[in-house]
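Here is the structure we will look at.
For reference, positions follow the sequence shown, starting with 1.
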Amino acid sequence: MSYSKMSFDFIRRNFLRSMGVMLIPTVLLGILLQPMNIVEIIVSIGKKEETYHSFIDIYRKINGYTGAWRFSFIVITIVLSIIFLSLLSGFIRQKMRYGLDSRGKWSMIGSHLNDNFVPVLKYLLLLFLSLEVLAVLLSTFLYTTIKIFDNALPMCLILSFLFLLIELLFLAMSLLTVPNMTMKGFGLFKAFGHSVYSLNSKIIRVFFSIIWVAALMCLPIVILIIFPFKGASILLALFSFLFYWTLASYIGVLVYVVYFDVEELEREDLKL
């Protein structure tokens, strides 16, 4: 059975605990951050609008950092996302490992946060750092390409697609970092290294389990950016929310589906 099928099967049986947990932070992310800003840059380059006059213009657009207040709200939303991802991680681990459901047990919220907050925080900081490095490199290459070539569109498309694949590959390789910290007690870098090592033979399978869902959720956003119309901004915010909501919930489940398979652990939730 594919990892995607197992993940969506878990979500179907535990919808409120898997997707419901991530509703609040992903609504805020959908309002604040458009996940496909790079497409707007590509469209502008294709139309030769000369919107982006410097490396900083491109970098800020990729990250969505368009002002101090907006940046502050983004930071607050990311903190909320870490809290809710910690709860999601705790619930999924408990459900798969013991077959238990913490429904109605408010004390388990504190337990999930205590066990998962620091590992999730460390991992997201690592992920954020990798994304920032890629954003700096992509911004540099795009700006250089715009300055060198009269028709920069083909090269910018190739660069953007290549960096997107690198981003998703890093996510796939590091997928088991959090469970390696929460279930094995590893530190961040040892957990990351063990994730890369243990996924060596399954990385293509894991990579495609992520990329097809991400591509599917990106499609309506890309269409709205390329073919804008009056009122499209509202739909864009809606689809951005659905992108973050689906992907965060799906990957949160996928992490433990893959972990239990790689470690050859018996899943107690499947016996219920």
Side-chain angles (χ1 to χ4, degrees), residues 3-4 6-33 35 73-128 131 171 174-188 191-192 195 209-210 213-214 217 240-260 263 265 267-270 272:
Y3 288 145
S4 294
M6 287 189 285
S7 298
F8 282 117
D9 185 57
F10 182 91
I11 290 172
R12 178 183 58 81
R13 289 183 286 107
N14 303 275
F15 184 82
L16 289 178
R17 285 296 191 271
S18 53
M19 294 200 72
V21 170
M22 294 306 301
L23 182 62
I24 294 174
T26 51
V27 165
L28 296 174
L29 282 172
I31 294 171
L32 291 169
L33 286 176
F73 281 116
I74 289 172
V75 171
I76 292 170
T77 301
I78 290 172
V79 172
L80 285 174
S81 299
I82 293 170
I83 292 171
F84 283 95
L85 279 170
S86 300
L87 294 175
L88 178 64
S89 178
F91 164 72
I92 296 169
R93 182 175 62 140
Q94 181 189 54
K95 189 71 175 179
M96 289 187 182
R97 191 174 187 183
Y98 304 111
L100 299 176
D101 193 342
S102 58
R103 190 175 302 154
K105 299 177 181 178
W106 291 99
S107 61
M108 292 305 299
I109 293 178
S111 177
H112 291 334
L113 287 174
N114 183 64
D115 293 341
N116 296 276
F117 183 82
V118 173
V120 170
L121 173 62
K122 288 180 177 180
Y123 175 64
L124 288 186
L125 285 174
L126 176 66
L127 198 59
F128 174 78
L131 292 175
L171 176 61
S174 64
L175 194 70
L176 304 186
T177 302
V178 170
N180 280 336
M181 286 191 280
T182 58
M183 296 185 73
K184 293 179 179 290
F186 290 166
L188 174 62
F192 170 72
S195 176
S209 295
I210 295 172
V213 176
M217 298 310 300
S240 295
F241 150 64
L242 290 174
F243 171 87
Y244 288 119
W245 191 34
T246 302
L247 211 60
S249 304
Y250 170 73
I251 291 177
V253 174
L254 180 68
V255 165
Y256 284 95
V257 166
V258 175
Y259 180 82
F260 274 73
E263 297 294 329
L265 298 174
R267 282 179 52 184
E268 296 297 324
D269 64 303
L270 298 178
L272 300 176

Candidate pair Val21 and Phe91, rule side-chain contact (heavy atoms from CB on, under 4.5 Å), full reasoning
CA-CA 10 Å; Val21 170; Phe91 164 72; 5.9 Å; no
So Arg13 and Lys95, side-chain contact (heavy atoms from CB on, under 4.5 Å) or not? Walk me through it.
CA-CA 11 Å; Arg13 289 183 286 107; Lys95 189 71 175 179; 5.8 Å; no
Inter-residue atom distance Leu126.CG - Leu121.CG, 0.5 Å rounding
11.5 Å
Please name the residue in the list Leu270, Ile92, Leu254 that meets the side chain to side chain contact (heavy atoms under 4.5 Å, CB included) test with Phe10.
Ile92
Shortest non-hydrogen contact from Met19 toward Thr246:
CE-CA, 4.0 Å
Donor-acceptor pair, distance only, cut-off 3.5 Å: does the side chain of Ser195 make one with the backbone of Ala191?
no
Minimum heavy-atom separation for Leu85 and Val120, please, with both atom names.
CB-CG1, 4.0 Å
Do the side chain of Ser86 and the main chain of Ile82 share a donor and acceptor less than 3.5 angstrom apart?
yes
Taken to the nearest 0.5 Å, the spacing of Ser249 OG from Ile11 CD1 works out to 6.0 Å
Ile251 side chain near Leu175 side chain, heavy-atom distance below 4.5 Å:
yes
Spacing of Met22 atom CE and Leu29 atom CG [to the nearest 0.5 Å]:
7.5 Å
Apply side-chain contact (heavy atoms from CB on, under 4.5 Å) to the pair Met6 and Val258, showing each step before the final yes or no.
CA-CA 9 Å; Met6 287 189 285; Val258 175; over 6 Å; no
For atom CZ of Phe241, decide whether the heavy atoms of other residues, nucleotides or ligands shown that lie under 6.0 angstrom number more than 12.
yes
Are the side chain of Arg97 and the backbone of Met183 linked by a donor-acceptor contact shorter than 3.5 Å?
no
Between Phe192 and the options Leu176, Asn180, Val178, Thr177, the side chain to side chain contact (heavy atoms under 4.5 Å, CB included) test singles out Thr177
When rounded to the nearest 0.5 Å, the distance separating CG of Leu33 from CD1 of Ile78 is 7.0 Å
State whether the side chain of Thr26 and the backbone N or O of Leu23 hold a donor-acceptor pair below 3.5 Å, judged by distance alone.
yes
For the CD1 atom on Ile24, are there more than 12 heavy atoms of other groups (residues, nucleotides or ligands in this structure) within a distance under 6.0 Å?
no
Could you walk me through whether Tyr256 and Leu88 pass the side-chain contact (heavy atoms from CB on, under 4.5 Å) check?
CA-CA 11 Å; Tyr256 284 95; Leu88 178 64; over 6 Å; no
Identify the two heavy atoms, one from Ser209 and one from Tyr3, that lie closest to each other, and give their separation to 0.1 Å.
OG-CB, 3.6 Å
Rounded to the nearest 0.5 Å, how far does CE of Met181 lie from NZ of Lys122?
7.0 Å
At what distance, to the nearest 0.5 angstrom, does OH of Tyr123 lie from OG of Ser174?
3.0 Å
When the ring planes of Tyr250 and Phe8 are compared, do they come out parallel, tilted or perpendicular, using 30° and 60° as the limits?
parallel
